[in-house]
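Written below as structure tokens is the structure these notes are about.
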Amino acid sequence: MRLHAVLRRPTFIIPVGIVLLIGVVWLVTAISAAQPKSLDERTLEVARQIQCPVCNGESVADSPSLKASEMRAVIRQQLAEGRSEQQVLAYFSDVYGSDILESPPQQGFTSLIWIMPVLMLLAGIVAIVTLAREWQRQARVASAGNGDGVAEITGDVTLSAEERQALTALLRREVAADEGLPLGGREDS
Amino acid sequence: MHFSDLGMIAQMLALVFTFYAIASSVLGAVLKRPALVVSGRRSVLVVAALLVTAAIGLIASFLEHDYGLRYVAEHSSNAMPWYYTAAAFYGGQEGSLLYWGMMLAIFSSLAVVLYRRAPAQLMPWVVTVLMAIEGFLLIVLNFVSSPFDRLTIVPVDGQGLNPLLQDPGMLVHPPMLLMGYMSWSLPFAFAIAALVTGQLDSRWLRAIRRWTLAAWCIQTTGLLLGAWWAYHVLGWGGYWGWDPVENAALLPWLTATAFLHSTMIQERRGTLKVWNLSLILLTFLLAIFGTFEVRSGIIQSVHSFAYSDIGPYFLGFLALALVVSIGLFVYRLPRLRPEHEFDSVVSREGSFLANNLLLTGIAFATFWGTIFPILSSVVRGQTMTVGTAFYQQVDGPLFLALIFVMGVGPLLAWRRASRESLVRNFRWPALVAAVVAVALPILGMRSLWAVAGFAICAFSAATIFFEVWRGTSVRHRHGESYPKALSMLLTRHRQRYGGYLVHLGLILLAVGVIGSQFFQSQRDGLVERGQSLTINGYTLTYQGITDVTIDNVETIKAHFTVSRDGAVIEDIYPGERIFPGFEDQPTSIVSITDHGLTDLYVFLAGFDGTSSATIRVFINPLVPLVWLGGLLMLLGGIFCWWPLRRVSPGRLSETKLPQKNVEVAV
């Protein structure tokens, strides 16, 4: 219950503290994760980026064919000899042509493949925000104009304590009837 | 007289009745002659009966091995067991078209019977649209690609069925997927009918609500079965390869899911009419696009066995449907004004908009990646492939965002959420997510993407459990025991809690995907007899190989013992099957065994007599959760769909509420 009370207090200490804690832990992880990956992991990573030349739409990592298996062995050997991932990829691209690389290069015409989805997403966000604004504006105009058959509320609309209680009781009964619940449950908020 | 003659006649007559149904429905609607409309509806039933007859004719031809029929000769052989022989009915293009036509006719009949009370003006147009689609299929079936063509020289035996298709998963996956595609015809027909008649309020939406849920369930099943089949048969250690054909099946599912959500806004708030119409039109068009893509072979794919020459017909039909949809849409645009306004972005409506943005965003990115190779070869004359890396990098974060919104959305109030309610609803789930985000790295997880993914999944799952707990405890305070409160809560709000089940399923699935994406290990190895290969603490020792031929099917199984910490824990038998007539296309028997929530996945890549074997071993963590989550999604969908027994308000007040308590205190 005391934790409850603390969390209810209009304070930012706890959320800010938690976010900071996560930040610190993640930073430490990111720094310690910089340790080298295993040869298996690196081989798989490179193999995923190369298209299997004898299959339809499968990568060298995925294809069960013998050719892909040989290519994986080559990747593994080259990495073991100390070449970088980029050098191995460049080797395959030289031997088989640039088509063989799975990941489209991020330049020239092919960069469109990366840019378009981002652009569309941004356009979607802009459209939603604009629409929401427009709808809100219309809503304000409509309520100010006393139109649409909605009665205009004038004077004091604050409920007295009794009125509020009566309204709550009524609401609770209606919901209970709706839900098929027995009435007369404990009072709670 | 052959069974195939019966089938051919039925197929031809079905086309005639289809045209009659269209003509009679249109005339009946335009001239306001109810008799003609009724006649149009009845002929839909006739079309269905005729196409069922045609399908029976084809199956009978298969079962009596009538090799005079080209289609039977090309897709079955004497050696096949009877169930694959019967299932070969939809194993090729002509048969699957017939299956498609039949299912559409059955669905149309169902619609005609179920929607007798739907807005009367809509129905003739619904029938017209459905029969127009049927007409297109039947024209292709009768004149371009008929399963009932006969050969002049009758072969002694058939060529057999593609061995990849001779698998229990394959028995169910294609018909489910095709059925899923087809079931979107009805919502499409209702949308077009609403546009034609100008009856653009929410009635057409309400009429098809449960149908769209059923269609969603069917399509989800089709996708899951496809993934399951790929995992168990293809031997590459994964279940989803972002293959163009898989993408094509995913696209309508994404837009349909967006539609299921955004219709809730229209039903509640009267907004987003234009958007809902576009989504449902788009879903159907994408389903047709998927078929076109598979059949035309325009993009390289592992489904290449389905290539054929009917692609252009589907392209033409797609173009026609697109033009009609857009034309009607533009024509009716002035009438598509919202009935209510929008209050705040921080509200249930706002979260649905975010959901729709993300789902259509994923759909667009996937579509873009799928068609980009065509674009590239047209614009630059350069072929290229878009591999899994693109989809993982673009769709992955979007899916994560979707799961986050999924956690937030259901707990926001309609119209406008207050700050207090935000804090009240989200502090515990946020705390759970924070604990996960801190604990996983401390426990040694190195990939922060995976940690973030798991934390978001934990957050969304926590919101669902929190919400269920809250509802249950409120009922409990009103005097119900906890189990009763829970079951009453679930059954009284099927749509809502069914939706939560689906969400929970998707979260489980996402956890499985993250686990297998980030923590998969793989190893290839050539092992001599008695030698072993070790991966992640599992030691596989090669014991030898067996070769058995039963019913002309040769089954080769390699025997490995798996040991862990020095103790043998199991024997596994990865292998392959060789079907008669397809000696160069062995199908693999992948050995998948479950260790906790981790799959040990072993594929026999090759062997040299009994002396050595080449295997690929994968350690796939959390993959069982993918299937569990998928199953849960399906159950949730069915739970939503399940017919609701309504208690009439009068009876309710008599039986459940003592009269004295009902008096109102104002």
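In what follows, every heavy atom counts, from backbone to side chain, and hydrogens, waters and symmetry copies are set aside. Each chain gets a letter, A, B and so on, in the order the sequences are listed, and its residues count up from 1. Given the structure is predicted, the values throughout are model-derived calculations rather than measurements.
Side-chain atoms of B:Thr370 do not come within 3.5 Å of backbone N or O of B:Pro244 as any donor-acceptor pair. Remark: side-chain polar atoms of A:Tyr96 are not paired, donor with acceptor, to backbone N or O of A:Ile50 under 3.5 angstrom. For B:Gln520 (side chain) and B:Gly237 (main-chain N/O), a donor-acceptor pair under 3.5 Å exists by modelled atom type.
For a residue to count as touching a neighbouring chain, one of its non-hydrogen atoms must lie under 4.5 Å from one of that chain's; by this rule B:Ala485 does not touch chain A. In this structure, chain B has a heavy atom under 4.5 Å from the side chain of A:Ile18, while its backbone stays farther away. Contact annotation for A:Ile22: both backbone and side-chain heavy atoms come within less than 4.5 Å of a heavy atom of chain B. With a 4.5 Å cut-off on non-hydrogen atoms, A:Ala127 does not touch chain B at all. The parts of B:Val438 that come within reach of chain A are both its backbone and its side chain, each placing non-hydrogen atoms under 4.5 angstrom from that chain. Proximity to chain A is absent for every atom of B:Val435, based on heavy atoms less than 4.5 angstrom apart. For A:Met116, the parts lying under 4.5 angstrom from a heavy atom of chain B are both the backbone and the side chain. With a 4.5 angstrom heavy-atom cutoff, B:Leu440 does not touch chain A via any of its atoms.
A heavy-atom distance below 4.5 Å is not found between the side chains of B:Ile615 and B:Phe603. Between B:Val602 and B:Val590, every side-chain heavy-atom pair lies at or beyond the 4.5 Å cut-off.
Side-chain atoms of B:Thr366 and B:Asn247 include no donor-acceptor pair closer than 3.5 Å.
Taking the six-membered ring where tryptophan is involved, the planes of B:Tyr391 and B:Trp242 are essentially parallel, since the angle between them stays under 30° and well short of 60°.
Contact count versus chain A (heavy atoms, under 4.5 Å) is highest, among B:Ala605, B:Ala365, B:Ala434, B:Ala437, for B:Ala437.
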